[in-house]
Undergrad: 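The structure that follows is given in the form of structure tokens.
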Protein chains: 2
Amino acid sequence: MHKEHTLTKNQRIIFDLIDKSPEPLKAYSILFNVQKKGIKAPPQVYRALDKLVEMGKIHKIESRNAFIACHNSSCQVAKATAFSICEICEKVTEISSASLSKYLANFKDKDGMKYSKYNLEFFGLCKKCNTR
Amino acid sequence: MHKEHTLTKNQRIIFDLIDKSPEPLKAYSILFNVQKKGIKAPPQVYRALDKLVEMGKIHKIESRNAFIACHNSSCQVAKATAFSICEICEKVTEISSASLSKYLANFKDKDGMKYSKYNLEFFGLCKKCNTR
DNA sequence: TTACATAGTGTTATATTATAACAATTTAAA
DNA sequence: TTTAAATTGTTATAATATAACACTATGTAA
Ligand SMILES: [Zn+2]
Ligand SMILES: [Zn+2]
Ligand SMILES: [Zn+2]
Ligand SMILES: [Zn+2]
């Protein structure tokens, strides 16, 4: 079993906000939302985000510059992430597929380069947006 | 066969620069480099980049906010991209693997959502950086 | 306990990346 | 030709992210 990370004050505040959000949050939207809790400046937000990403508690959606909480039993998948992104409503879902992660974890390119991490973003229409 | 795009003046200048570069280029680095050719402001660069990405002539490396020329017979793979990124020297290579693209093109998640596009970024050490 | 190292915080300023808005020009169709 | 669409030039500003430095809290070892 891996070490359970104890979140610091700022990390806790920011993680809770992201974890409760139904949609990915952007750094400055987070900043705005936590100012009443005493977090007043960008570096405080970015530091907490960096640590939370390192821990695997949250993931950055690179194509959106936004962050979502991990719901795949956390740390294990911090280095192997896959998301589906709806191009209409911007709904983002973390994909949890054993066959996908197995395929990608074992993928080797022509040079035999072995990878320690990957991030995959799928784009399309979610069920809701596809049927109207 | 698909329509061959003719590049406009600014698109040509910016594409040529990216195409000749051995490494991904960032927008403001591009701007700096083309100022002597009369492209003086960020919107001119970003517009050309947007079009070139649409056409599949270049790709954006999302995790690096940088652009590289496509070397996979262009347009076909604009909506299905995969890259390997060295975390030490930042070398980026476009991956061209029939089995990978077939696997991902056919991937369906639990909800049966079908995707029209994906982007995959692998991180690791390139051969050179791995052996020293 | 004390000393030290490490991690986290608060703060100001600034760097980097990207777009809004609008006028002028070029290109391609009708 | 005349109209529409795409591209360009330009100024200003928005959005995203980090540098730097002083200070505080926390953990570890003597
Ligand atoms: Zn996750
Ligand atoms: Zn949707
Ligand atoms: Zn390509
Ligand atoms: Zn390397």
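Here is the naming used below: chain letters follow the sequence lines, and residue numbers restart at 1 for every chain.
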Undergrad: With DNA chain C as reference, determine whether Tyr28(B) or Gln11(A) sits nearer its 5' end, using the nearest nucleotide of each.
TA: Gln11(A)
Undergrad: For the helix from dT1(C)-dA30(D) to dA30(C)-dT1(D), what angle separates the axis at the start from the axis at the finish, each from five pairs, in steps of 10°?
TA: 40°
Undergrad: Whether Lys60(A) contacts dA17(D) is assessed here as follows: a side-chain N or O lying under 4.0 Å from the phosphate OP1 or OP2. Is that the case?
TA: yes
Undergrad: Measure the distance from NZ on Lys37(B) to P on dG9(D) and round it to the nearest whole Å.
TA: 14 Å
Undergrad: Respond yes when some side-chain nitrogen or oxygen of Gln44(B) is under 4.0 Å from OP1 or OP2 of dG9(D), and no when none is.
TA: yes
Undergrad: Tell me whether Tyr118(A) contacts the main-chain N or O of Ala82(A) through its side chain, where contact means a donor paired with an acceptor under 3.5 Å.
TA: no
Undergrad: Do any N or O atoms from the side chain of Glu54(A) and from the backbone of Lys51(A) form a donor-acceptor pair under 3.5 angstrom?
TA: no
Undergrad: How would you give the extent of chain A contacts on DNA chain C, as first and last nucleotide 5' to 3' within a 4.0 Å heavy-atom cut-off?
TA: dG8(C) to dT12(C)
Undergrad: Which pairs would a plain distance check flag for residues 23-31 of chain A, meaning a side-chain donor or acceptor within less than 3.5 Å of a matching protein atom at least two apart in sequence or in another chain?
TA:
{"residue": "Lys26(A)", "atom": "NZ", "partner": "Arg64(A)", "partner atom": "O", "Å": "3.3"}

Undergrad: Between Asp16(A) and Lys20(A), does at least one N-O distance fall below 4.0 Å, as a salt bridge requires?
TA: no
Undergrad: Tell me the interatomic distance from Lys9(B), atom NZ, to dT8(D), atom P, rounded to whole angstroms.
TA: 7 Å
Undergrad: Mind calculating the distance between CD1 (Ile30(A)) and P (dA15(D)) to the nearest angstrom?
TA: 16 Å
Undergrad: Is the side chain of Asn130(B) donor-acceptor paired with the backbone N or O of Cys126(B) at a distance under 3.5 Å, no angle test?
TA: no
Undergrad: If the cut-off is 4.0 Å, is Lys26(A) near the phosphate of dA15(D), judged by side-chain N/O to OP1 or OP2?
TA: no
Undergrad: Keeping the roles fixed (side chain from Asp109(B), backbone from Asp111(B)), state whether a donor-acceptor pair exists under 3.5 Å.
TA: yes
Undergrad: Would Lys110(A) and Ser96(B) count as a side chain to side chain contact (heavy atoms under 4.5 Å, CB included) if you check the C-alpha gap in whole Å, the side-chain angles of each, and the deciding distance to 0.1 Å?
TA: CA-CA 9 Å; Lys110(A) 295 185 194 97; Ser96(B) 157; 4.2 Å; yes
Undergrad: Between C1' on dA25(D) and CZ on Arg12(A), what's the gap in Å once rounded to a whole number?
TA: 19 Å
Undergrad: Of all residues at least two apart in sequence or in a different chain, which pass the side chain to side chain donor-acceptor pair (under 3.5 Å) check with Asn33(B)?
TA: none
Undergrad: Is there a salt bridge (Lys or Arg N to Asp or Glu O under 4.0 Å) between Lys117(A) and Glu121(B)? Walk through the geometry before answering.
TA: CA-CA 8 Å; Lys117(A) 201 167 112 184; Glu121(B) 298 181 4; over 6 Å; no
Undergrad: After noting the C-alpha distance and the side-chain angles of Ile18(A) and Leu49(A), does the key distance pass the side chain to side chain contact (heavy atoms under 4.5 Å, CB included) rule?
TA: CA-CA 10 Å; Ile18(A) 296 172; Leu49(A) 290 173; 3.7 Å; yes
Undergrad: In whole angstrom, give the distance that lies between atom CG of Leu25(A) and atom P of dA15(D).
TA: 16 Å
Undergrad: For Tyr115(B), check ring pair (Phe, Tyr, Trp, His ring centres under 6.0 Å) against everything at least two apart and list the hits.
TA: Phe122(A)
Undergrad: Reckon Asn65(A) has a side-chain N or O less than 4.0 Å from the OP1 or OP2 of dA17(D)?
TA: yes
Undergrad: Under 4.0 Å, heavy atom to any atom of DNA chain D: which of residues 46-54 of chain A qualify?
TA: Tyr46(A), Arg47(A)
